Trainee: 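Dropping the structure in here first, questions after.
Computed from a predicted structure; not experimentally measured. Naming: A, B, ... by sequence-line order, numbering from 1 per chain.
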Amino acid sequence: MIYVQPDKWIPAGGMELEAAADYVIKSNKNCIVIAGPGAGKTELLAQKACYLLQTNICLSPYKILSISFKTDSADNLAKRVEKRCGKELSRRFVSKTYDSFAKGIIEHFRMAIPEEYRPPIGYNIATQDDIKYLLSQYKIPQDLENTYGIHEISDREFTKDYLVKYKLPISNNGSNIYEWLIKRVWHSLLNGELRLQPALTFPMISRIAEYMFRTNPYILMALRMTYKYIFLDEFQDTTGVQYDLIKTAFLGSDCTLTAVGDDKQRIMAWAGALNNIFNIFENDFDAEEKELVMNHRSAPRLVEVQRFLSKAINGSETKIETSKNWKPKDGVCENWIFEDEIQEAEIVCEYIKTWIEEEKIEPNDICIIAKQNIDIYSKYIVEKLDEYNIKARNEGNYQDILSEEITLTVLNIIVLADTKGSPFEWTQAMDFFTLLKGYNNGLRDDKPETLVFEFNSLLVDLKSELDNITSAAMLKNFVLKIVNYFNVNALKAVFPQYKNKKFFKKLIDDLVKYLWEGYEKSNNWVDAVADVKGVDSIPIMTIHKSKGLEYDTVVFIGLEDGAFWSFRNQSQEDMCAFFVALSRAKRRAVFTFSNLRHDKYGHQRLQERDEIKTFYDILQESQVVEEITFAQPKTK
DNA sequence: CCCTTTAAGCTTTTT
DNA sequence: GCTTAAAGGG
């Protein structure tokens, strides 16, 4: 292998890096990179990986470990690194989620876990129902009830606030009134009880991994000898449980940590993200803080609005620079005020139609966002768009079927059975087929030709059946036939998530439902698959789901007190949510307000904007946002 | 049994 | 903030 001299190294892909990014890439110290939307945080990690590998500063065979929150972010980063520095070097770049890292560790080093907390082989992932079931089995001991006046606790509260509150082992000193319950639930989950198989939640798995590293210096050493560089993505979302694991694993080692995140996009506090994580990390790991100032994504006028909002969130001026690809006057941010949702739908849809037809914006480059309850907020718009033959859909409903192997394979197989010769689908489906067949046949050494022959005959067989499908029920049988062909037990063994019956059933039912909807529209299976994939649909999603994504145009529905009911309690977090929504837009952001809006119970209520007045003030202050009040609703 | 009070959900990912 | 469902009291 020929390595590059560090001073000769240049960023892959002709990328221009700002000074701070260049510094962090080449720094050998622990760093925390704070950077706003569109600054290229993930790209920085990808480039740093290339630098370390291509110069061999990350000395072969030492590896880089990158930890993300979501599988697709982890995969995305791995792909970028592979693309930039090739297959061979990128083999030493390991990109995982927190959960897969912890789960992999406890399974690989199972025997190193203290016996009391050692999970049995083949444990399941615990569901909320499992915990609910356990709690329903237990009665509060009378003496504890009398001494402390402990009340019954809901399963959700228990899982959220108690189950993984402390590091293992669970203490015996009575410091927590629910100690006995925590101990009992842990014991039952680890060992199984009555009709419950052994099952652990992901935070429990992290706790076990942390305990193992803390009590077993050899395993800890092995970890630290494998990975010399650690990347932490979306660091602002780190929970206490995750941070404890990172700290035990790497604090005091000679590993170099690089964390990237944005405190202005901290919208997961309610789910356990730590409050002051950047400072905590800086202190613990003696990390150097660097800020990226570029926003490569948004047009200048949108960045101007972001600037004012940043200031409101941080309390201080934030430096943001825009990309030279934009002209200074580029970017549109508007505030649309309506009488009611009917008028809102009519105007919004007219504009969307114009954007698609005249500005030639792709539907999937327009995003409709709401704070929550997106089906309620987008109902009338979806109906109206349908009249214009523009597809729009709740992206959340499709996210599982478009990321799970089994459903993707069914979609691939349908395309292959219907039309021969789609190389992309063929390769993917064949990989899956080989994996599962190999599993079914144990160690049988199948020749590739045999498998190809088998697969082709399956396709021929399915083709004739596909042609005869005339109902959703028949489609379901067809899908189940494919699933059963692969052997359900083999599927569960290779993809343990399918052991969760509820999840698996919903996956198949949803696939059938959406596929059938698509087929009824087009009478063509290839189009039905494209429809499920959402090739030309406008995505609709919550702010939380939109984080990390970008669109030419963003339409935010309902900048109203009603949508920001939590503002009084968590104005900081809601401002961040507003910031995330705004900063998804590359060129145009539109916020709507409707005087009248139906809630999820079907009641039409008057909307106000007193509570979130500060949002409107910020928009006005920026002097680039126009507020447009539309006329009375039109009569048909 | 009826009326009043209280609690919980809104926003989510992970094999 | 606003709803519904569950729990509690008379």
Trainee: Tell me the partner of B:dT12, counting only Watson-Crick (N1-N3 plus N6-O4 or O6-N4) or G-U wobble (N1-O2 and O6-N3) with both under 3.5 Å; none if nothing fits.
Mentor: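 Per the H-bond distance test, none.
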
Trainee: Quick one: A:Leu606 CG to C:dC2 P, roughly how many Å, whole number?
Mentor: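 Rounding to the nearest Å, CG of A:Leu606 and P of C:dC2 are 11 Å apart.
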
Trainee: Tell me the interatomic distance from A:Ile376, atom CD1, to C:dC2, atom P, rounded to whole angstroms.
Mentor: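 One finds 17 Å between P of C:dC2 and CD1 of A:Ile376, rounded.
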
Trainee: Testing A:Trp186, A:Phe109, A:Tyr166, A:Tyr117 for ring-ring contact (aromatic ring centres under 6.0 Å, His included) with A:Tyr211, which one passes?
Mentor: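 So the option named by the test is A:Tyr117.
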
Trainee: Once you measure the plane-to-plane angle for A:Phe433 and A:Tyr485, does it fall in the parallel (<30°), tilted (30-60°) or perpendicular (>60°) bin?
Mentor: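 Ring orientation, 0 to 90° scale: parallel.
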
Trainee: For nucleotides 9-15 of chain B, print each protein N/O atom paired with a nucleotide N/O atom at under 3.5 Å, atom names and distance only.
Mentor:
from: B:dG9; atom 1: OP1; to: A:Arg156; atom 2: NE; distance (Å): 2.9
from: B:dT11; atom 1: OP1; to: A:Asn373; atom 2: N; distance (Å): 2.3
from: B:dT11; atom 1: OP1; to: A:Asn373; atom 2: OD1; distance (Å): 3.1
from: B:dT12; atom 1: OP1; to: A:Thr542; atom 2: OG1; distance (Å): 3.2
from: B:dT12; atom 1: OP1; to: A:Lys545; atom 2: NZ; distance (Å): 3.2
from: B:dT13; atom 1: OP1; to: A:Gln399; atom 2: NE2; distance (Å): 3.3
from: B:dT13; atom 1: OP2; to: A:Gln399; atom 2: NE2; distance (Å): 3.4
from: B:dT14; atom 1: OP1; to: A:Thr71; atom 2: N; distance (Å): 2.8
from: B:dT14; atom 1: OP1; to: A:Thr71; atom 2: OG1; distance (Å): 2.9
from: B:dT14; atom 1: O4'; to: A:Asp99; atom 2: OD2; distance (Å): 3.1
from: B:dT14; atom 1: O2; to: A:Asp99; atom 2: OD2; distance (Å): 2.9

Trainee: A:Asp561 CG to C:dC2 C1': how many Å, rounded?
Mentor: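 Atom CG in A:Asp561 sits about 13 Å away from atom C1' in C:dC2.
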
Trainee: In whole Å, I'd like the distance from the CZ atom of A:Arg605 to the C1' atom of C:dC2.
Mentor: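 Atom-to-atom, A:Arg605 to C:dC2, this comes out as 7 Å.
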
Trainee: Tell which nucleotide pairs with C:dG10, taking only Watson-Crick or G-U wobble pairs whose two distances are both under 3.5 angstrom.
Mentor: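 Because both required distances fall under 3.5 Å, C:dG10 counts as paired with B:dC1.
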
Trainee: Should the pair A:Phe235 and A:Phe278 be assigned to parallel (<30°), tilted (30 to 60°) or perpendicular (>60°) ring geometry?
Mentor: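 Correct class here is tilted.
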
Trainee: Can you confirm if the NZ or CZ of A:Lys371 lies within 45° of the ring axis of A:Phe564 and under 6.0 Å from the centre of its six-membered ring?
Mentor: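 Relative to the ring axis of A:Phe564, which defines the angle, A:Lys371 lies inside both limits.
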
Trainee: Which sits closer to the 5' end of DNA chain C, A:His603 or A:Glu611, going by the nucleotide each is nearest to?
Mentor: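 The residue mapped nearer the 5' terminus is A:Glu611.
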
Trainee: For the residue pair A:Phe578 and A:Phe615, categorise the inter-ring angle as parallel (less than 30°), tilted (30 to 60°) or perpendicular (more than 60°).
Mentor: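 A:Phe578 vs A:Phe615 ring planes: parallel.
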
Trainee: Could you give the CD1-to-P distance, from A:Ile612 to C:dG1, as a whole number of Å?
Mentor: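 Computing the A:Ile612:CD1 to C:dG1:P distance gives 13 Å.
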
Trainee: For the pair A:Phe101 and A:Phe250, name the ring-plane relationship: parallel under 30°, tilted 30 to 60°, perpendicular over 60°.
Mentor: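 Judged by the thresholds at 30° and 60°, the geometry between A:Phe101 and A:Phe250 is parallel.
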
